[in-house]
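Worth knowing before you read on, the calculation uses all heavy atoms, side chains too, and leaves out hydrogens, waters and symmetry mates.
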Amino acid sequence: MPLVPITLQPGLTASRLKNQSAATLVNMYAERSSGKGAFPVIGYPGRPRRKIMAPPIRGMIVHPQGRFYVIDGGSFHEIGADFQDLADLGAIAGTGLVETIANRTQVAVIADGRLYVHTVGSSVISQVTATEYGSPLPAFYSAAVVDNIAVLTVRDSDRFYYSAIDDFTTIRDLAFATAESKADPLLVVRDVGGELFFGGARSTEHWVKTGQANFPFQRRDPVSSYTVVSRDACRRSGDDLLWLGEDADNGGLGVFALNGYQAQRISTPAVDRILEAAQYPERARCVVWRLEGHAFCEFSLDSGSVVYDTATGEWHQSAYGVWTYESLKPPASRLTCQAWWQGQNVLGTSDGLLLGVSFDTSTDGDDLMARVFVTPALGAFGQQVSTYQVGVDIEAGLGPLDEDPLMWMRWSHDGAHTWGRPQFATMGRQGQYLKRPQWGPQGQANDSAAMFGTTANCQLRVTNAWARVVPAAIA
């Protein structure tokens with residue numbers, strides 16, 4: 001009885017034709033390897049709870065002096081060692097995500113159109129309400145810093161202002177300019193290698209600092225017709241910039257990366273189908289976090305969460321909670337923001353938690369983390385195939401001493417359109433390194449697929465999947 005390998009796909013390659021491929025990873029990622037299995041897939045590390053705050057976590061920033069600040073429900077906090085709340089430094093308006101920037105001595109927060117500035121070491125954060133000469137400040141929306149100068153866009157406008165050096169509170173009345181290519185509203189500004197990237201509702205353009213006395217910034221010639229859809233879904237990953245955007249003339253949501261001065265689409269059709277299913281793409285957000293050489297850029301919309309791994313160039317899905325895959329799509333991630341503090345990732349959530357990242361656990365806060373992968377559909381050119389055994393090769397023996405963690409498998413006889421009930425197999429208690437999850441006969445089909453997963457508090461690292469099959473005779 002031949003043993004047939006079941007291909008492990010390194011990412012989200014689901015086709016609109018189910019029986020062509022239903023492959024995807026949820027809360028799992030791939031690592032290229034020359035060893036056993038070309039694409040071993042690895043479950044996300046756990047996210048242990050570090051602190052409970054008021055929901056949602058709206059933003060966070062680590063000042064260059066090492067101080068860690070978090071904006072939760074309606075307050076601005078400084079967080080101390082062991083995640084102790086050192087001080088509540090003041091109220092922040094609104095409930096949505098915020099923009100945070102820092103210079104050598106200050107932290108600024110843009111929330112609900114208002115500008116707040118905190119001087120590091122002081123006991124308060126204060127709202128800035130007027131320009132240098134007393135005119136009311138406009139409703140700011142996005143911010144970046146170049147050479148300790150703040151650049152701030154205005155909500156629903158093509159105008160942007162800049163501050164004095166090392167002083168976010170000093171904004172001159174005439175210290176502004178407008179986007180020059182299509183005069184469209186500016187949704188976001190980001191610092192990319194010391195230059196400014198402006199993302200608008202109809203275009204993106206780039207400005208460089210010139211240092212001229214009358215106005216220190218000047219637009220560069222390249223202008224792109226790809227838009228930015230959401231301020232909170234435009235983030236840097238190291239020196240790269242990624243964002244959720246759209247073709248201004250032809251439509252179609254996608255994720256883009258900056259290649260020189262041009263927008264380069266990096267999302268695949270499988271990813272774009274999830275993005276385009278969103279009812280409110282303007283509410284999308286992106287959270288970037290790093291682990292062991294991987295940079296996970298997670299884009300969350302009301303239609304789900306997709307993650308780009310810059311180390312492999314592959315996509316996968318992320319999700320919160322436990323779900324039945326065919327009747328309930330993986331729910332969108334609850335992550336809202338990230339910071340790197342004291343040598344560790346800190347992740348904020350929509351329900352007010354600060355989380356860490358650790359392979360020592362497989363929980364998500366206080367909840368179990370589901371990890372799931374779906375194989376491509378198996379077929380024999382329409383020929384009936386009898387499946388007698390199914391199995392996976394894993395790094396076994398990673399469970400606790402007092403509990404036998406279980407992995408489940410669901411089998412599809414119709415090319416991943418519907419799925420059978422979960423069937424369980426052990427992953428091995430701690431030290432049982434020779435365990436291999438295996439399942440018995442699955443019957444006959446001419447188009448099969450397998451779904452594997454676990455919610456056990458145990459790491460899931462898979463190198464191969466296989467089946468023992470016998471093709472039926474062709475008449």
Can you list the steps and then say if E298 with R235 is a salt bridge (charged side-chain N to carboxylate O under 4.0 Å, His left out)? CA-CA 10 Å; E298 176 186 276; R235 299 292 181 206; over 6 Å; no
Q438 and W466: CA distance, side-chain angles, deciding distance, side chain to side chain contact (heavy atoms under 4.5 Å, CB included) verdict: CA-CA 9 Å; Q438 298 180 14; W466 50 268; 4.0 Å; yes
**Item:** Stepwise side chain to side chain contact (heavy atoms under 4.5 Å, CB included) check, I274 with K329
**Value:** CA-CA 11 Å; I274 295 175; K329 294 179 181 179; over 6 Å; no
Run S225 and D249 through side chain to side chain contact (heavy atoms under 4.5 Å, CB included) and show every step you take. CA-CA 7 Å; S225 292; D249 299 316; 4.2 Å; yes
Report task. Output, in order, the C-alpha distance, side-chain angles, deciding distance and verdict of side chain to side chain contact (heavy atoms under 4.5 Å, CB included) for W411 and T387. Result -> CA-CA 10 Å; W411 192 257; T387 303; 3.7 Å; yes
Could you go through the side chain to side chain donor-acceptor pair (under 3.5 Å) check for T227 and E246 one step at a time? CA-CA 5 Å; T227 73; E246 191 174 44; 4.5 Å; no
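Under 3.5 Å, the side chains of S230 and D232 contain no donor-acceptor pair of N or O atoms. Under 3.5 Å, the side chains of H316 and D309 contain no donor-acceptor pair of N or O atoms. At a cut-off of 3.5 Å, with distance as the only test, no side-chain donor of D393 or T463 sits close to an acceptor on the other residue. Side-chain contact annotation: Q459 with S362, donor-acceptor N/O pair under 3.5 Å present. With hydrogens and angles left out, the side-chain atoms of D364 and Y44 include no donor and acceptor closer than 3.5 Å.
Rounded to the nearest 0.5 angstrom, R334 CZ and S318 OG are separated by 12.0 Å. Distance CG/D447 to CD/Q384: 10.0 Å, rounded to 0.5 Å. Note: Q389 CD to R468 CZ = 5.5 Å, rounded to the nearest 0.5 Å. Summarising the geometry, atom SG belonging to C297 is positioned 7.0 Å from atom CD1 belonging to I266; distances are rounded to the nearest 0.5 Å. Here the CE atom belonging to M53 is positioned 5.5 Å from the CG atom belonging to L354, to the nearest 0.5 angstrom. Rounded to the nearest 0.5 angstrom, S237 OG and L242 CG are separated by 6.5 Å.
The shortest distance between side-chain heavy atoms of L258 and D240 does not fall below 4.5 Å. Contact annotation: the side chain of R50 never approaches that of V346 to less than 4.5 Å [non-hydrogen atoms, C-beta and beyond]. Residues Q338 and V288 form no side-chain contact, since every pair of their non-hydrogen atoms from C-beta on lies 4.5 Å or further apart. The shortest distance between side-chain heavy atoms of P437 and I394 falls below 4.5 Å. Residues T454 and P405 have side chains not in contact (no heavy-atom distance under 4.5 Å, counting atoms from C-beta outward). Taking 4.5 Å as the limit, every side-chain heavy atom of L335 sits out of range of all side-chain heavy atoms of F296. Taking the side chain as every heavy atom from C-beta outward, M427 and L398 never approach each other to under 4.5 Å. Looking at F160 and V189, their side chains never come closer than 4.5 Å, going by heavy atoms from C-beta outward.
Residues A143 and I110 come closest through the heavy atom pair CB-CD1, 3.5 Å. In terms of heavy atoms, A277 sits closest to S303 at C-CB, 3.7 Å. I92 approaches A111 most closely through the heavy-atom pair CG2-CB, 3.4 Å. Nearest approach of P281 to L301, heavy atoms of both residues: CA-CD2, 4.0 Å. When all heavy atoms of I57 and M60 are compared, the pair lying nearest together is CG2-CE, 3.9 Å. When all heavy atoms of P55 and S350 are compared, the pair lying nearest together is CB-O, 3.6 Å.
In this structure, the side chain of S142 does not engage the main chain of V188 through any donor-acceptor pair within 3.5 Å. No side-chain donor-acceptor contact under 3.5 Å links T100 to the backbone of I61. A donor-acceptor pair under 3.5 Å is formed between the side chain of R231 and the backbone N or O of Y141. Side-chain N or O atoms of H63 include one that pairs as donor or acceptor with a backbone N or O of Q65 at under 3.5 Å. For the pair H413 (side chain) and Q442 (backbone), a donor-acceptor distance under 3.5 Å is present. For R236 (side chain) and D191 (main-chain N/O), a donor-acceptor pair under 3.5 Å exists by modelled atom type. For the pair R371 (side chain) and M369 (backbone), a donor-acceptor distance under 3.5 Å is present. The backbone N or O of C337 sits nowhere less than 3.5 Å from a side-chain atom of R58 that would complete a donor-acceptor pair. In this structure, the side chain of T349 engages the main chain of L353 through a donor-acceptor pair within 3.5 Å. The closest donor-acceptor contact from the side chain of D367 to the backbone of G321 lies at 3.5 Å or more, if one exists at all.
Comment: D302 does not engage R283 in a salt bridge, judged by the lack of any side-chain N to carboxylate O separation of less than 4.0 angstrom. Ion pairing between a basic and an acidic side chain is recognised when a charged N comes within 4.0 Å of a carboxylate O; D82 and K51 show no such pairing.
The aromatic rings of F83 and F68 sit perpendicular to each other, their planes meeting at more than 60°, with 30° as the lower class boundary. Using cut-offs of 30° and 60° on the angle between ring planes, the pair F198 and W207 is perpendicular. In this structure, W439 and F452 have tilted ring planes: the angle between them lies in the 30° to 60° band.
Heavy atoms of other residues, nucleotides or ligands lying less than 6.0 angstrom from CG of D239 number 12 at most.
A cation-pi arrangement, defined by a distance under 6.0 Å to the six-membered ring centre and an angle within 45 degrees of its axis, is present between R461 and F359.
For the pairing with Y308, the ring-ring contact (aromatic ring centres under 6.0 Å, His included) check across F299, W315, Y29, W243 returns one residue only, W315.
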